[in-house]
Amino acid sequence: MAAGRPYATYEELLDRADTASADLDDTGVAAALAGHPRIGERIEGSNGAWSHGEQAGMETAEQALRVALRDGNQAYEARFGHVYLVCATGLSASQLMHRLHERLGNDAETERRVVRAELGKINRVRLQKLVGA
């Protein structure tokens with residue numbers, strides 16, 4: 001992304017970010033996933049601050065749903081070998097849980113595509129925040 005600067009338009013920036021996300025190899029995806037907390041967990045640092053705001057739907061979740069999401073996170077990690085990544089912006093805890101259950105039914109290849117798409121969505125949300133769009 002940095003090597004392509006400056007971008008002539010905001011849309012060009014977003015298009016390049018989408019391409020960069022889609023072109024990540026498995027090592028790049030693993031590195032991106034390593035920086036994301038589990039849904040419902042908080043981490044310190046700049047990525048934690050981003051994630052906390054994006055997971056605002058968790059703020060009002062009842063304890064039973066929090067426990068179910070924790071258990072779902074564990075099941076997802078056991079199945080796919082990495083954190084359950086979803087663009088949580090604007091989603092309630094129950095919506096996050098619903099998506100988790102849906103994705104547990106994916107095969108590995110389908111889930112790899114979904115993860116890349118979710119990374120792209122997260123990148124767009126964060127770029128919009130950074131550039132004030």
Side-chain angles (χ1 to χ4, degrees):
M1 291 290 303
R5 294 181 315 173
Y7 295 97
T9 66
Y10 177 66
E11 282 304 315
E12 186 181 338
L13 170 68
L14 292 179
D15 288 345
R16 180 62 189 113
D18 290 344
T19 300
S21 295
D23 289 347
L24 285 174
D25 62 13
D26 289 341
T27 302
V29 170
L33 292 173
H36 285 272
R38 291 173 184 90
I39 294 297
E41 287 186 353
R42 292 194 180 159
I43 61 170
E44 298 299 319
S46 60
N47 203 27
W50 286 109
S51 295
H52 176 70
E54 293 160 0
Q55 293 187 30
M58 289 297 300
E59 293 296 318
T60 59
E62 294 182 15
Q63 186 60 26
L65 184 52
R66 289 177 183 277
V67 169
L69 275 164
R70 184 199 64 216
D71 294 347
N73 282 330
Q74 290 172 349
Y76 181 95
E77 289 177 31
R79 176 154 168 68
F80 296 110
H82 57 78
V83 68
Y84 161 56
L85 182 83
V86 61
C87 182
T89 300
L91 299 179
S92 69
S94 61
Q95 289 171 312
L96 293 167
M97 187 70 190
H98 177 76
R99 289 187 184 193
L100 173 61
H101 280 291
E102 286 181 335
R103 288 176 52 190
L104 280 168
N106 287 344
D107 60 65
E109 183 58 35
T110 299
E111 189 57 21
R112 277 193 289 276
R113 285 192 306 271
V114 172
V115 166
R116 280 184 176 79
E118 293 299 312
L119 278 170
K121 291 176 193 176
I122 292 167
N123 284 341
R124 275 185 168 251
V125 166
R126 292 180 179 185
L127 282 170
Q128 290 168 345
K129 289 177 185 176
L130 284 171
V131 298

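Here the structure is a predicted model, which means the values were calculated and not measured.
A pairwise comparison of heavy atoms in S94 and L65 identifies N-CD2, 3.6 Å as the closest pair. Nearest heavy-atom pair, L119 versus A32, reported as atom, atom and distance to 0.1 Å: CD2-CB, 3.8 Å. Shown here for G120 and S21, the closest heavy-atom pair between the two residues is CA-OG, 3.7 Å. The heavy-atom pair separating P37 from V83 by the smallest distance is O-CG2, 4.0 Å.
The residues E77 and R38 are annotated as salt-bridged, a charged nitrogen and a carboxylate oxygen being separated by less than 4.0 angstrom. Remark: R112 engages E109 in a salt bridge, criterion side-chain N to carboxylate O under 4.0 Å. A salt bridge links R116 with D26; the closest basic N to acidic carboxylate O contact falls under 4.0 Å. Remark: E12 does not engage R16 in a salt bridge, criterion side-chain N to carboxylate O under 4.0 Å.
In this structure, CZ in R103 is found 11.0 Å from OG1 in T110, a value given to the nearest 0.5 Å. Atom OG1 in T89 sits 7.5 Å away from atom CD1 in I122 (nearest 0.5 Å). Rounded to the nearest 0.5 Å, atoms CG (D15) and OH (Y7) are 10.5 Å apart. Annotation: the span from E102 atom CD to R99 atom CZ amounts to 7.5 Å, rounded to 0.5 Å. For the atom pair T19 OG1 and M1 CE, the distance stands at 9.0 Å (nearest 0.5 Å). Between the CZ atom of F80 and the CG atom of L33 there is a distance of 12.5 Å, given to the nearest 0.5 Å.
Taking 4.5 Å as the limit, every side-chain heavy atom of V86 sits out of range of all side-chain heavy atoms of K121.
Under a 3.5 Å cut-off, the side chain of N123 and the backbone N or O of D18 do not form any donor-acceptor pair. Side chain of Y84 to main chain of L100: a donor-acceptor pair is present (N/O by atom type, distance under 3.5 Å, no hydrogens or angles).
Following chains of ILVMFWY side-chain contacts shorter than 4.5 Å, one can reach L127 starting from Y10, so the two form part of one hydrophobic cluster. Using a 4.5 Å cut-off between side-chain heavy atoms of Ile, Leu, Val, Met, Phe, Trp and Tyr, with links allowed through other members, L85 and V114 fall into different hydrophobic clusters.
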- Query: For I39 and M97, what are the C-alpha separation, side-chain angles and deciding distance, and is it a side-chain contact (heavy atoms from CB on, under 4.5 Å)?
  - Reply: CA-CA 9 Å; I39 294 297; M97 187 70 190; over 6 Å; no
- Task: Please report the C-alpha distance between E111 and V115 in whole Å, then the side-chain angles of each, then the deciding distance to 0.1 Å, and finally whether the side-chain contact (heavy atoms from CB on, under 4.5 Å) criterion is met.
- Result: CA-CA 6 Å; E111 189 57 21; V115 166; 3.7 Å; yes
